[in-house]
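For reference, the structure discussed in these notes is given below.
Being a predicted model, the structure only gives us computed values, none of them experimental.
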Amino acid sequence: MLMKQAAADIAPLTGLNEEEVLRLLEIPPQAEMGDAAFPCFALAKSLKKAPAVIATELATGLQASGIEATPAGPYVNIRFNREKLAPNLLKELGNAAFGKLQLGQGSRVVIDMSSPNIAKPFGIGHLRSTVIGAALYRLYNEAGYTSVSVNHLGDWGTQFGKQIAAYKRWGNDEALQADPIRTSLELYVRFHDEAENDPSLEIEARDWFRKLEQGDDEAQRLWAFFVEVSMKEFNRMYERLNVQFDHTLGESFYNDKMGAVVEELKEKGLLEESDGALVVRLEDENMPPCLIIKKDGTTIYPTRDLATAVYRHEVMKADRLLYVVGGEQKLHFRQVFAVLSRMGHEWSAKCEHIAFGLMRFEGRKMSTRRGKVVFLQEVLDEAVARALQIIQEKNPNLENPQKVAEAVGVGAIVFGDLRNNRLNDVDFSLEDAVSFEGETGPYVQYTHARIQSVLAKAEEAIRVENENTLTNPSLADGENDTGATPSSVGDTSWALLKLLGEYPEYLEKAIHRNEPSVIAKYTIDVAQAFNRFYHAERIADASSDVRCFRVALAKRTAERLAYSLHLLGVQAPERM
């Protein structure tokens, strides 16, 4: 907000427009240098002057307009009038429309997210797609888009042939009914172990999948059972993670829609035979052929993803398609988007793979085939238990400690993922994630709870003063009187206020990069800025002439922390 003000002041003196100036503006490395810095290098060529000379002239021009500006070599440092701007900025922060952007202007973005495989456990490895996708869903809505979330379940493909083949050979109905997910995993792992020495198993699996595609009763019965028990498990996890979907449509939903895609590829002369299979050649785009129909006549996931994309564009009316899927699928999506383009679908340019890095759990890479799976439910339970222990030590008299521990423990796991750049691999540490210190979810949540305590103390202080003066205003009334004085806007309160005002820029950056970590890191910065303010400037027990401004600033901070955490899918308890 203040940077836009600086851009508006500088632009008329430079020949640049405000957007160009805004892109060039920087935050000085030390607060004492000012609130904004404008580098003059970009003007040297057009003005035919040295950057330092331009900086001196520009500073003089800004000072003539009543702005405090100082040349510093090739830079102009700008300092805003705190007492003049702080009340207006604080008032703007309380506006319900503050931070709402119109980047999307109502365009419809369909987000493919989570997408666990049926008959497999919901492991810690599924967390990234789920929470990154859910955060992007909220962020896009916040930026003026209409978001549509789709859980594209992995409920089709040769893996089900393997599952059925394993069940038929070694399955036990009693064990499967008692613990269907773990038993299914054990069967799946055994299949891959046995298949290394028995090639006939792979043939048997492909045969069962062909039967499934052809509607065989027994194959359909077992498939339906695996889907039913898996969804019960998944829905428990989604409820704890506070994740909902607009549509839950597995790959099987598109089974009757793939034929049209295959026919279109044939009509447009894009399909070629290769070793008995049908492919679309992409060598001229430096990619291997995209397999459409395997030589046994069954489909494969590129076929289903082509049908899925067409459905989402034509039926769901998507303007953009985002696929929140691990980075190891980069080639797959390049192939699918390239085939869509060759089919003549210009909207394929609006399809984007939102890749993310691998998640390791304390150094271990997960693999369903090898049974190396860390169950998310067990991780969440352990996080909640650790959070409860810390909460009971810090606040043994807290009401509803189990409910708060659930919010803190689950929030710690979600935040612990989202604070990382999505493209980076994550070596997840439960101990680090649940810590109340450092750059963690519990640290931000605890800061929010601390502010609520400060506000309660301020309310009590005002009540006592009102009784002594026979008046009856409340804390809420006091918020209307937030005029800033030289003594009320200290260095730390000013730094915090400026950071709160920069929220829209952070949101815009998060959208452009499809990067929820921008908002996660912003909440950490705000929490740290508040704690510096809290330790440096008295709030609840400050003198009445400065308390209203500082209390209002604390309240705006709590609101921004709570809302930013909400965008990430994390709760903000008022007591911890």
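- For the pair Gly409 and Ala387, the tightest heavy-atom approach, listed with the atom from each and the gap, is N-CB, 3.9 Å.
- Of the N and O atoms on the side chains of Gln159 and Lys120, at least one donor lies less than 3.5 Å from an acceptor on the other residue.
- Here the shortest heavy-atom pairing between Pro504 and Leu101 reads O-CD1, 3.9 Å.
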With side chain to side chain contact (heavy atoms under 4.5 Å, CB included) as the test, would you mind laying out the steps for Ile132 and Leu418 before giving the verdict?
CA-CA 7 Å; Ile132 291 172; Leu418 293 179; 3.8 Å; yes
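- Not a single donor-acceptor pair under 3.5 Å links the side chain of His512 to the backbone N or O of Lys509.
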Before you tell me yes or no, could you show the steps for His332 and Asp305 under side chain to side chain donor-acceptor pair (under 3.5 Å), namely the whole-Å CA-CA distance, both residues' side-chain angles and the distance that decides it to 0.1 Å?
CA-CA 10 Å; His332 164 73; Asp305 274 350; 2.5 Å; yes
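- Every pair passing salt bridge (Lys or Arg N to Asp or Glu O under 4.0 Å) that includes a residue from residues 142-160 is listed here, sequence neighbours excluded: Lys100-Glu142.
- The environment of Glu346 atom CD is sparse: at most 12 non-hydrogen atoms of other residues, nucleotides or ligands sit within 6.0 angstrom.
- In this structure, a donor-acceptor pair under 3.5 Å is absent between the side chains of Glu431 and Ser429.
- Defined by atom type and a distance below 3.5 Å, a donor-acceptor pair is missing between the side-chain atoms of Asn420 and Ser517.
- Between Tyr188 and His192, the angle of the ring planes goes over 60°, which puts this pair in the perpendicular group of the 30/60° scheme.
- Listed by chain and residue number, nothing satisfies the side-chain hydrogen bond (donor to acceptor under 3.5 Å, both in side chains) test with Glu328 (two or more places apart in sequence, or in another chain).
- Of the possible polar contacts, none joining the Glu574 side chain to the Gln452 backbone as a donor-acceptor pair under 3.5 Å is found.
- The stretch residues 249-259 participates, sequence neighbours left out, in these salt bridge (Lys or Arg N to Asp or Glu O under 4.0 Å) pairs: Glu251-Arg304.
- Counting only distance, with no hydrogens or angles, the side chain of Arg312 and the backbone of Lys317 share no donor-acceptor pair below 3.5 Å.
- For the pair Asp432/Thr440, no side-chain contact is recorded, criterion being any heavy-atom separation below 4.5 Å from C-beta on.
- Shortest non-hydrogen contact noted between Asn141 and Ser147 is OD1-N, 3.0 Å.
- Looking at every heavy atom in both residues, Pro516 comes nearest to Leu568 through O-CD2, 3.8 Å.
- Counting heavy-atom neighbours within 6.0 Å of Glu505 CD, excluding the residue itself, gives a total above 12.
- Contacts of Glu18 classified as salt bridge (Lys or Arg N to Asp or Glu O under 4.0 Å), with partners at least two apart in sequence or in another chain: none.
- A distance of 13.5 Å separates CZ in Arg556 from CZ in Phe530, rounded to the nearest 0.5 Å.
- Under a cut-off of 6.0 angstrom, the local environment of CD in Glu239 is sparse, with at most 12 non-hydrogen atoms contributed by other residues, nucleotides or ligands.
- For Arg221, the salt bridge (Lys or Arg N to Asp or Glu O under 4.0 Å) partners at least two apart in sequence or on another chain are Glu218.
- In plain terms, the two heavy atoms of Ser129 and Ser114 that are nearest each other are OG-N, 2.7 Å.
- Residues Phe226 and Phe160 place their aromatic rings such that the two centres sit no closer than 6.0 Å.
- Among residue pairs with one or both ends in residues 286-302, none qualify as salt bridge (Lys or Arg N to Asp or Glu O under 4.0 Å); sequence neighbours excluded.
- Relative orientation of the Tyr323 and Phe333 rings is tilted, given thresholds of 30° and 60° on the angle between their planes.
- Residues Tyr522 and Tyr506 bring their aromatic ring centres within 6.0 Å.
- Side-chain contact, Asp319 with Tyr145: no donor N or O sits under 3.5 Å from an acceptor N or O.
- The closest side-chain donor-acceptor pair between Gln244 and Ser149, if any, does not fall under 3.5 angstrom.
- For the pair Arg128 and Phe428, the cation-pi test (distance below 6.0 Å, angle within 45°) is failed.
- At least one cation-pi condition fails for Lys350 and Trp347: the charged atom is not both under 6.0 angstrom from the six-membered ring centre and inside a 45 degree cone around its axis.
- The closest donor-acceptor contact from the side chain of Gln163 to the backbone of Ser184 lies under 3.5 Å.
- In this structure, the separation between CG on Asn424 and CG on Asn421 is 4.5 Å, given to the nearest 0.5 Å.
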Determine, stepwise, if the pair Arg342 / Glu285 fulfils salt bridge (Lys or Arg N to Asp or Glu O under 4.0 Å).
CA-CA 11 Å; Arg342 293 194 176 197; Glu285 297 188 44; 3.3 Å; yes
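- At a cut-off of 3.5 Å, with distance as the only test, no side-chain donor of Ser564 or Tyr503 sits close to an acceptor on the other residue.
- Taking the six-membered ring where the residue is Trp, the centroids of Tyr311 and Tyr254 are separated by under 6.0 Å.
- When all heavy atoms of Ile292 and Thr303 are compared, the closest pair comes out as O-OG1, 2.5 Å.
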